[in-house]
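A short write-up of the structure that comes next.
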Amino acid sequence: MGIQDIIEGKKQWRAHMARVKALPPDYQIVYKEMQRYLFKVGPVDLLGGSLLPGLLDFFEEGVVAGKGVLELIGDDVAAFCDDLVKDSRTYADLYQESIGKNHGTAGK
């Protein structure tokens, strides 16, 4: 990854976060909680993929439709996030695999 890629990535991230800041406060709170959750357990390709921009598009459409954020996703934010990444390889999967490998080689 070259310096130009890093600069371009930062520009894209700033533009993304400016869109988040334009959301109503309740949407912002839920988006940031979802983002925090997904950064911990989300898919390995989270930053390079379309999950967060797609989620932001979904939220913006909800705002335009006049819906509350919990009307869109339900009361269980973590369950909604888990459904988003259910078919993706996650950091939690990598962690479990590393524990399994280390556990299997212990004492050898």
Side-chain angles (χ1 to χ4, degrees):
M1 177 181 284
I3 189 77
Q4 286 303 111
D5 295 331
I6 294 170
I7 292 170
E8 185 59 32
K10 284 187 175 190
K11 285 180 185 178
Q12 290 174 356
W13 184 251
R14 286 185 186 124
H16 178 84
M17 291 310 295
R19 287 175 59 199
V20 171
K21 289 179 182 177
L23 293 171
D26 58 335
Y27 275 84
Q28 286 183 44
I29 291 167
V30 172
Y31 179 87
K32 289 176 183 176
E33 287 301 315
M34 292 175 77
Q35 181 183 20
R36 186 176 297 119
Y37 181 82
L38 290 170
F39 279 152
K40 287 181 184 175
V41 298
V44 175
D45 64 345
L46 180 64
L47 294 176
S50 62
L51 181 64
L52 291 178
L55 181 60
L56 185 53
D57 291 342
F58 179 63
F59 276 14
E60 289 171 337
E61 291 169 10
V63 170
V64 170
K67 294 185 176 184
V69 68
L70 296 181
E71 287 179 77
L72 294 177
I73 66 166
D75 292 334
D76 192 341
V77 177
F80 183 84
C81 291
D82 288 341
D83 282 344
L84 287 176
V85 299
K86 68 181 174 191
D87 296 326
S88 303
R89 188 170 167 90
T90 66
Y91 287 109
D93 295 333
L94 293 177
Y95 179 71
Q96 289 297 324
E97 290 169 10
S98 71
I99 289 174
K101 287 179 184 175
N102 291 336
H103 186 276
T105 60
K108 289 187 179 183

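Note that the numbering runs from 1 along the sequence shown for the chain.
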Which atom pair, heavy atoms only, marks the closest approach of [X] to [Y]?
| X | Y | result |
| --- | --- | --- |
| Val20 | Lys32 | CG1-CE, 4.3 Å |
| Val63 | Pro24 | CG2-CD, 3.5 Å |
| Phe58 | Phe80 | CE2-CZ, 4.0 Å |
| Lys21 | Gln28 | O-NE2, 3.0 Å |
| Val85 | Leu38 | CG1-CD2, 3.8 Å |
| Asp93 | Ser88 | OD2-O, 3.7 Å |

Check your understanding: Is Glu97 close to Leu94 at the side-chain level, that is, under 4.5 Å between some pair of heavy atoms?
Key -> yes

* Contact check, side chains of Leu52 and Trp13, non-hydrogen atoms, under 4.5 Å ->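 Contact flag for Leu52/Trp13 side chains = yes.
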
Roughly how far, to the nearest 0.5 Å, is [atom2] of [Y] from [atom1] of [X]?
| X | Y | atom1 | atom2 | value |
| --- | --- | --- | --- | --- |
| Ile73 | Leu55 | CD1 | CG | 8.0 Å |
| Gln12 | Lys10 | CD | NZ | 13.5 Å |
| Met34 | Ile29 | CE | CD1 | 14.0 Å |
| Glu8 | Asp5 | CD | CG | 8.5 Å |

Problem set entry | Aromatic ring proximity, centroids under 6.0 angstrom, Tyr31 and His16 | yes

Practice prompt. Evaluate the criterion side-chain contact (heavy atoms from CB on, under 4.5 Å) for residue pair Leu56 and Met17; output intermediate values, then yes/no.
Written response: CA-CA 10 Å; Leu56 185 53; Met17 291 310 295; over 6 Å; no

query: Are Phe59 and Leu70 joined in one hydrophobic group, where the rule is that I, L, V, M, F, W and Y side chains link up if heavy atoms are under 4.5 Å apart?
result: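 Yes.
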
*May I ask whether Phe39 and Val77 are part of the same hydrophobic cluster, defined by side-chain heavy atoms of I, L, V, M, F, W, Y residues being less than 4.5 angstrom apart, directly or through others?*
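Cluster IDs for Phe39 and Val77 match.
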
